[in-house]
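Protein chains get the first letters and strands the later ones, always in sequence-line order, with residue 1 at the start of each.
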There are 2 protein chains.
Amino acid sequence: MSKLARVYNRSRVPLYLQVASVMRQRIEVGHWRSGQRISTLEELEREFEVARVTVRQAVELLAEEGLLYCQQGRGTFVADEAPKRRWLNLATDWASLIEPIKDHIPKIIAVQNPPAGPVLGTGEGKAAHDYVYLRSVQFRDAEPFSIVSLHLARDLFDRAPAEFRKHPALPVLASFERPRIKRAHQTLVIGGADPETADHLKMGVGAPTAECRCIVVDEHDRAIYVGNITYRSDCIKLHMELFRRPSLRGSVREDAGRRPRARTA
Amino acid sequence: MSKLARVYNRSRVPLYLQVASVMRQRIEVGHWRSGQRISTLEELEREFEVARVTVRQAVELLAEEGLLYCQQGRGTFVADEAPKRRWLNLATDWASLIEPIKDHIPKIIAVQNPPAGPVLGTGEGKAAHDYVYLRSVQFRDAEPFSIVSLHLARDLFDRAPAEFRKHPALPVLASFERPRIKRAHQTLVIGGADPETADHLKMGVGAPTAECRCIVVDEHDRAIYVGNITYRSDCIKLHMELFRRPSLRGSVREDAGRRPRARTA
DNA sequence: CTCAATTTGTTCGTATGTATG
DNA sequence: ACATACATACGAACAAATTGA
């Protein structure tokens with residue numbers, strides 16, 4: 001068995017879908033540019049070591065997605081209007097988390113059996129007395145990009161229920177003078193969509209998602225916001241400012257204030 | 001067509017694989033606990049709205065993966081030894097980026113046609129005069145978890161070539177007194193594995209990856225480190241400290257030093 | 001011990017999808 | 001486009017193991 005065949009066999013996904021994934025990726029990262037003619041079917045056959053029909057199935061799929069088009073006698077081309085991916089910048093600090101989402105309009109999902117309260121791990125604070133459970137789908141340009149499942153301390157929700165239903169919760173929360181927020185943190189892992197998620201986010205079952213757990217704790221160590229957010233993984237981009245020296249000239253921004261120097265070689 | 005069938009049809013991945021994905025996820029997030037008996041085949045048939053054989057194929061797959069085992073007449077159970085996922089904490093700040101990786105041992109990959117130099121976008125600094133191109137696979141416990149493709153300013157590489165070949169580059173870089181680092185940043189998106197990546201990381205072609213672009217710029221705005229890092233997406237976890245109030249009592253750590261308050265309701 | 005209920009395991013026939021040359 | 005082989009998916013029926021009454 002050839003080396004490539006062994007790699008294909010690591011997955012039970014049909015071969016033409018694996019080939020299509022690779023080609024799709026090449027278009028999306030710009031390795032194959034808009035309007036450009038891509039390799040001939042024969043070249044692709046040889047490169048991917050699959051039968052001609054298999055390449056064609058992959059090409060057909062991408063053509064259906066609007067990424068490629070074929071012209072008999074001329075070749076296969078990347079679509080001219082670059083269906084550019086539009087990124088949603090996921091924040092790694094509070095200010096840039098609040099800002100871009102505050103104008104999003106969530107669509108509330110009805111919940112039949114709301115959980116009693118959030119399950120809190122160690123270091124996630126103490127539970128509030130009571131929570132409301134809110135579930136919503138977030139949209140941008142009529143395209144759903146995430147599902148938020150949120151436990152919100154009831155006393156805070158009761159202060160502005162209408163606001164909390166119309167807007168994302170974090171900006172509303174940030175607008176309150178009290179209680180003061182002591183800490184907000186978030187962890188992210190990659191998961192796969194279950195049928196309900198896939199339905200809401202218009203994606204395939206098992207397709208990758210980014211699962212965020214975001215927790216806000218007040219000055220009394222009360223977990224006032226405990227949210228699980230599931231994003232389509234194909235529209236998010238994380239930017240991390242790892243280090244920025246307090247600059248001598250130029251813009252001064254958030255800074256760790258620490259020199260990045262660790263040890264001697 | 002039922003609602004579920006429509007959701008399944010969003011993907012051309014075989015049905016039993018979609019079902020298996022959902023079940024695998026349930027085990028991994030602990031919704032189905034170690035040793036617990038899961039629903040009977042008949043219940044699963046009804047829940048997923050698929051034929052018995054299809055459920056069986058999914059169960060068989062997960063049994064092969066060591067996540068489930070079946071006993072005729074008794075039922076199907078989640079494996080007792082929880083094959084816990086071991087997370088690799090991806091850093092969102094410099095100090096915690098350097099620390100955990102400094103003892104990893106990269107395995108250098110030979111490169112036949114090294115690119116001349118990195119492609120730098122706006123805001124990514126000026127190019128250095130010359131670069132070395134290094135490519136390596138990172139391991140933890142003999143398990144590959146990422147591929148690093150790195151452009152490193154040649155003058156820096158020449159100072160400690162042996163070190164740069166034996167250890168991850170960032171800790172070595174951090175150990176230098178000069179040049180001083182002005183800024184380090186990183187962006188992350190989710191992608192899919194191409195055949196070469198899949199081979200190195202022992203994953204399926206098209207399976208999700210986390211693609212990091214990490215850039216380190218020196219005091220003269222020179223991009224001295226331009227790295228593209230591809231992680232298996234199933235072993236990484238990102239922790240983001242969004243906000244931490246400079247605490248009155250208790251531990252004081254890196255802090256934005258800014259109050260998270262944005263506007264009035 | 002036997003019986004019935006439960007649950008996984010196996011088989012058949014049919015239709016469609018995938019992959020090769 | 002064709003012939004071929006194998007995988008996927010359905011529904012249904014039957015066999016085999018386990019459990020508890």
Round to a whole Å and report the spacing from [atom1] of [X] to [atom2] of [N].
X: B/E60; N: D/dA9; atom1: CD; atom2: P; answer: 13 Å
X: B/L41; N: D/dA12; atom1: CG; atom2: C1'; answer: 15 Å
X: B/L62; N: C/dT8; atom1: CG; atom2: C1'; answer: 16 Å
X: A/E45; N: C/dA19; atom1: CD; atom2: P; answer: 14 Å
X: B/L68; N: C/dT8; atom1: CG; atom2: C1'; answer: 13 Å
X: A/E49; N: C/dA19; atom1: CD; atom2: P; answer: 15 Å
X: B/N9; N: D/dA9; atom1: CG; atom2: P; answer: 11 Å
X: A/Y8; N: C/dT20; atom1: OH; atom2: C1'; answer: 14 Å

Verify the contact: side-chain N or O of B/T76 to OP1 or OP2 of C/dT8, cut-off strictly under 4.0 Å; return yes or no.
yes
Considering just the side-chain nitrogens and oxygens of B/R74, establish if one lies under 4.0 Å of OP1 or OP2 belonging to D/dT19.
yes
Taking for each residue the nucleotide of DNA chain D with the nearest heavy atom, is it B/G73 or B/V50 whose nucleotide lies nearer the 5' end?
B/V50
Kindly check if the number of other-residue, nucleotide or ligand heavy atoms within 6.0 Å of CZ (B/R10) is above 12?
yes
Taking everything shown except B/I109 itself, do over 12 heavy atoms lie less than 6.0 Å from its CD1?
yes
Looking at every non-hydrogen atom in both residues, tell me the closest pair between B/L17 and A/V13 and how far apart they are.
CD1-N, 3.9 Å
If you take all heavy atoms of A/L242 and B/T92, which pair is closest and at what distance?
CD2-C, 3.7 Å
Is there a donor-acceptor contact under 3.5 Å linking the side chains of [X] and [Y]?
X: A/S136; Y: A/Q138; result: yes
X: B/S34; Y: B/Q36; result: no
X: A/R213; Y: A/T187; result: no

Nucleotide paired to D/dA1 in any strand shown, Watson-Crick or G-U, under 3.5 Å:
none
Sugar-phosphate only, base, or nothing, as touched by [X] at under 4.0 Å among non-hydrogen atoms:
X: B/R37; result: sugar-phosphate
X: B/R52; result: base
X: B/V59; result: nothing

Assuming nearest nucleotide by heavy-atom distance, tell me which of B/V53 and B/Q71 is located more 5' along DNA chain C.
B/Q71
Protein-proximity profile, nucleotides 3-8 of chain D, B/S/- by nucleotide at the 4.0 Å heavy-atom cutoff, equals -----S
Nearest to the side chain of B/A51 - C/dG21, C/dT7, D/dG11?
D/dG11
